[in-house]
Chemist: 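Below is the structure I would like to discuss, written out as structure tokens.
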Amino acid sequence: MKIQVVKADITEIEVDVIVNAANSSLLGGGGVDGAIHRAGGSAILDECRDIRNRQGKCKTGEAVITTAGNLPAQKVIHTVGPVYNGGERLEREKQDLTNCYLNSLKLAEMNNFKSIAFPNISTGIYRFPKELAAEIAIKTISNYKSETIKNVIFVCFDDENYQIYIARLK
Ligand code: APR
């Protein structure tokens with residue numbers, strides 16, 4: 001599996017599937033969630049609503065898949081990252097973030113996708129420390145063995161994340 005880091009807007013990335021840092025409602029929000037819904041159009045929200053009506057909210061660490069609407073990607077995987085509190089919940093939060101990456105990879109494999117792009121899940125509004133989040137993301141992806149997925153792109157929108165990922169992956 002080839003791993004790349006780019007500084008970009010994930011809505012412009014041409015891969016089979018992009019990952020959204022959603023919230024449990026699946027009904028959109030700010031950050032990358034807002035960007036994906038704005039650029040992708042209402043078809044994404046329509047499918048999110050259908051999923052919500054069928055199975056209820058998306059739990060932290062879980063992932064669901066929808067159309068990508070007007071985006072260059074074929075699909076969007078919506079995963080819900082942990083809100084960072086640290087302290088005695090830290091181990092659970094680290095596992096939840098790991099599960100976001102694992103469950104997104106599994107969904108991509110189930111759909112026979114070869115390329116997937118991730119934002120820096122939980123490191124914005126959910127306040128997860130960027131260094132720790134990068135360590136978890138890179139370790140999870142690097143340890144994941146797949147016959148299907150050939151290309152993983154970490155898409156950093158802010159420079160701080162970009163520098164962290166470049167330093168960790170050089
Ligand atoms: N492309 C790529 N990455 C982006 C983009 C974009 N267009 N916009 C923002 N980001 C980056 C942020 O810089 C941050 O590094 O996505 C990362 C995750 O930040 P958030 O989008 O705030 O997501 P998160 O911290 O997981 O919080 C999720 O925010 O938007 C709401 O509905 C969402 O309630 C949920 C919460």
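This chain uses plain numbering: 1 for the first residue, then up along the sequence. In listed order, ligands and their atoms are each counted from 1. The model shown is predicted, which means the values in this text are computed figures rather than measured ones.
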Chemist: Identify all pairs of nitrogen or oxygen atoms, one from ligand 1 and one from the protein, separated by less than 3.5 Å, and list them with distances.
Modeler:
residue  : atom   : partner : partner atom : Å
ligand 1 : 1 (N)  : Ile10   : N            : 2.9
ligand 1 : 7 (N)  : Asp9    : OD1          : 3.0
ligand 1 : 13 (O) : Asp158  : OD1          : 3.0
ligand 1 : 15 (O) : Thr123  : OG1          : 3.0
ligand 1 : 15 (O) : Asp158  : OD1          : 3.1
ligand 1 : 15 (O) : Asn161  : ND2          : 3.2
ligand 1 : 19 (O) : Gly124  : N            : 3.4
ligand 1 : 21 (O) : Val32   : N            : 2.8
ligand 1 : 22 (O) : Ile125  : N            : 2.8
ligand 1 : 25 (O) : Gly124  : N            : 2.8
ligand 1 : 25 (O) : Ile125  : N            : 3.1
ligand 1 : 25 (O) : Tyr126  : N            : 3.0
ligand 1 : 26 (O) : Ser122  : N            : 2.9
ligand 1 : 30 (O) : Gly30   : N            : 3.0
ligand 1 : 30 (O) : Gly30   : O            : 2.7
ligand 1 : 32 (O) : Asn23   : ND2          : 2.8
ligand 1 : 32 (O) : Asp33   : OD2          : 2.7
ligand 1 : 34 (O) : Asn23   : ND2          : 3.3
ligand 1 : 34 (O) : Tyr126  : OH           : 3.3

Chemist: Distance-only, no hydrogens or angles: does the Asp16 side chain make a donor-acceptor pair with backbone N or O of Ser115 under 3.5 Å?
Modeler: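 Judged by distance alone, yes, a pair lies under 3.5 Å.
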Chemist: At their closest point, which heavy atom of Pro119 faces which heavy atom of Tyr101, and how far apart are they?
Modeler: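 Minimum heavy-atom contact is O-OH, 3.5 Å.
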Chemist: Where the side chain of Ser24 meets the backbone of Cys58, is there a donor-acceptor pair that is under 3.5 Å apart?
Modeler: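 No.
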Chemist: Is there side-chain contact between Ile36 and Ile18, with at least one heavy-atom pair below 4.5 Å?
Modeler: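 They are in contact (side-chain heavy atoms under 4.5 Å apart), so the answer is yes.
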Chemist: Using 30° and 60° as the class boundaries, would you call the ring planes of Tyr84 and Phe128 parallel, tilted or perpendicular?
Modeler: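 Judged by the thresholds at 30° and 60°, the geometry between Tyr84 and Phe128 is perpendicular.
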Chemist: Is it true that the side chains of Thr67 and Glu47 contain a donor and an acceptor less than 3.5 Å apart?
Modeler: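 Note: Thr67 and Glu47 side chains miss the donor-acceptor criterion.
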